[in-house]
Amino acid sequence: MKARELMDLAPVIPVIVVNDVSTAIPLAEALVAGGLPVLEVTLRTPVAMDAMRAMQSVKGAVVGVGTALNGNDLKAAKEAGAKFAVSPGFTEELGSTATDIGLPLLPGIANSADIMRAHAQGFNELKFFPASQAGGPSMLKALGGPFVDAVFCPTGGVSLNNAHDYLSLPNVICVGGSWVAPKDKIDAGDWAGVEAVAREAANLPR
Ligand code: 3PG
């Protein structure tokens with residue numbers, strides 16, 4: 001699956017932090033049942049890679065990693081079965097490694113220079129991060145002027161309340177956010193609650 005196909009699957013990509021690997025499967029089941037099949041497991045906790053691996057057994061889930069910081073992260077993710085990777089920023093090393101190993105990468109960008117460097121390596125599907133701090137919807141509207149081929153997944157400060165401001169832009173395909181995998185509900189094992197939050201997000205128009 002190419003990056004664009006992943007972005008088309010649902011309006012929201014959950015940004016997931018897993019602290020306890022036993023929560024990985026029920027969490028993934030709840031998100032998929034709610035209509036969010038693309039799952040970004042951030043490489044921020046010691047159990048992240050195991051959690052990402054476990055989630056692959058959930059029917060319908062398309063599981064990848066987030067917070068990929070370098071080529072080694074991409075190689076380890078690919079080895080562990082990741083279908084895609086997301087990075088907070090763009091480096092040439094990330095771009096060339098992703099291309100070499102055939103792992104779809106959604107690299108982070110925050111300005112025109114980032115977009116131009118990513119573009120030079122063939123990346124047009126980009127994560128706009130941190131979206132609200134880097135200029136929000138009006139920044140994406142402005143970037144749409146010169147960068148007609150670039151499409152974005154804004155992430156960072158996105159919520160149910162402001163997702164529409166992004167999703168209504170022609171160069172936004174989906175948004176990313178942690179609000180659909182809330183820590184309190186995960187800690188409480190409230191999978192019905194997670195599913196309900198996911199369903200609201202999955203129904204966002206775009
Ligand atoms: C990320 O961790 O990639 C994003 O910062 C998630 O941002 P959010 O917690 O504001 O959704």
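Start at 1 and go down the list; that is how both ligands and their atoms are numbered. Below, each value reflects all heavy atoms present in this structure, side chains not excepted, and no hydrogens, waters or symmetry copies.
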side-chain contact (heavy atoms from CB on, under 4.5 Å) for Glu40 and Ile16? Distances and angles first, verdict last.
CA-CA 6 Å; Glu40 175 189 335; Ile16 300 169; 5.9 Å; no
Please list the nearest protein heavy atom to [atom] with its residue and the distance rounded to 0.1 Å.
atom: atom 5 (O) of ligand 1; result: Phe129 CE1, 3.2 Å
atom: atom 8 (P) of ligand 1; result: Ser178 OG, 3.4 Å
atom: atom 1 (C) of ligand 1; result: Arg44 NH2, 3.2 Å

Answer yes or no: does an N/O atom from Thr155 fall short of 3.5 Å to an N/O atom of ligand 1?
no
Relative to ligand 1, is Glu40 under 4.0 angstrom through side chain, backbone, both or neither, heavy atoms considered?
neither
Relative to the heavy atoms of [X], which atoms of ligand 1 are at a distance of less than 4.0 Å?
X: Gly177; result: 11 (O)
X: Lys127; result: 3 (O)
X: Gly156; result: 7 (O), 10 (O)

Proximity flag Gly157 to ligand 1, non-hydrogen atoms under 4.0 Å
yes
Answer yes or no for Pro130: is there a heavy-atom contact with ligand 1 below 4.0 Å?
no
Distance (rounded to the nearest 0.5 Å) between Asn171 CG and Phe147 CZ:
11.5 Å
Short question: side chain of Thr97, backbone of Leu94 - any donor-acceptor pair under 3.5 Å?
no
Tell me whether Val194 shares a hydrophobic cluster with Ile13, the cluster being built from Ile, Leu, Val, Met, Phe, Trp, Tyr side chains joined at under 4.5 Å.
no
When clusters are formed by joining ILVMFWY residues with side-chain heavy atoms under 4.5 Å apart, either directly or through shared neighbours, do Val38 and Phe123 land in the same one?
no
Quick one: do Glu195 and Arg199 make a salt bridge, cutoff under 4.0 Å?
yes
Test side chain to side chain contact (heavy atoms under 4.5 Å, CB included), reference Val47, set Asn19, Val41, Thr23, Val21, output is Val21
